[in-house]
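As structure tokens, the structure follows; a few thoughts come after it.
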Amino acid sequence: MTITPATTDRSVLLGRPTPEGPSLTVTGRFALPADLPRGDAVLGVHSHDGDGSGADVPVVIR
């Protein structure tokens with residue numbers, strides 16, 4: 001799971017949750033780094049097993 005602030009365009013790794021269940025979903029809470037810039041960002045969840053699955057969602061860091 002990564003977050004990429006629009007002002008830096010630099011991805012920050014928040015964690016690597018383990019998929020569970022028949023739909024291989026992930027859940028969890030991740031602390032944001034204190035120096036993360038506020039404003040628009042993209043939250044990304046992507047598979048690391050080479051199948052290319054994942055999703056990106058626009059978010060706002062407040």
Side-chain angles (χ1 to χ4, degrees):
M1 178 169 282
T2 60
I3 192 160
T4 307
T7 57
T8 65
D9 204 32
R10 180 181 54 93
S11 293
V12 176
L13 180 65
L14 299 177
R16 293 186 187 263
T18 302
E20 298 177 352
S23 297
L24 297 176
T25 58
V26 296
T27 61
R29 291 178 176 247
F30 302 92
L32 297 179
D35 62 346
L36 202 61
R38 306 227 184 272
D40 294 339
V42 175
L43 183 65
V45 180
H46 297 272
S47 170
H48 294 281
D49 65 3
D51 70 359
S53 63
D56 292 313
V57 179
V59 296
V60 177
I61 302 169
R62 296 180 189 230

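Heavy atoms only: backbone and side chains are in, while hydrogens, waters and symmetry mates are out. Values in this document were obtained by computation on a predicted structure and should not be read as measured data.
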Minimal heavy-atom distance between V45 and M1, with the atoms involved, is CG2-CE, 3.3 Å
Quick one: side-chain contact (heavy atoms from CB on, under 4.5 Å) partners of V42, sequence neighbours excluded?
-> D56
For F30 and G15, which heavy atoms make the closest approach, and how far apart are they?
-> CE2-CA, 3.7 Å
Sequence neighbours excluded, the answer for side-chain contact (heavy atoms from CB on, under 4.5 Å) partners of P33 is V12, L14, D35, L36
R38 side chain vs R62 backbone, donor-acceptor pair below 3.5 Å = yes
Could you note down all residue pairs passing side-chain hydrogen bond (donor to acceptor under 3.5 Å, both in side chains) where residues 3-18 supplies at least one of them, sequence neighbours left out?
-> T4-S11, R16-H48
Exercise: identify the closest heavy-atom pair between A41 and P5 | CB-CA, 3.8 Å
Only counting residues at least two apart or in another chain, list the ones meeting side-chain contact (heavy atoms from CB on, under 4.5 Å) with R29.
-> none
Atom pair CG/CD1 of D40 and I61 - distance to nearest 0.5 Å = 9.0 Å
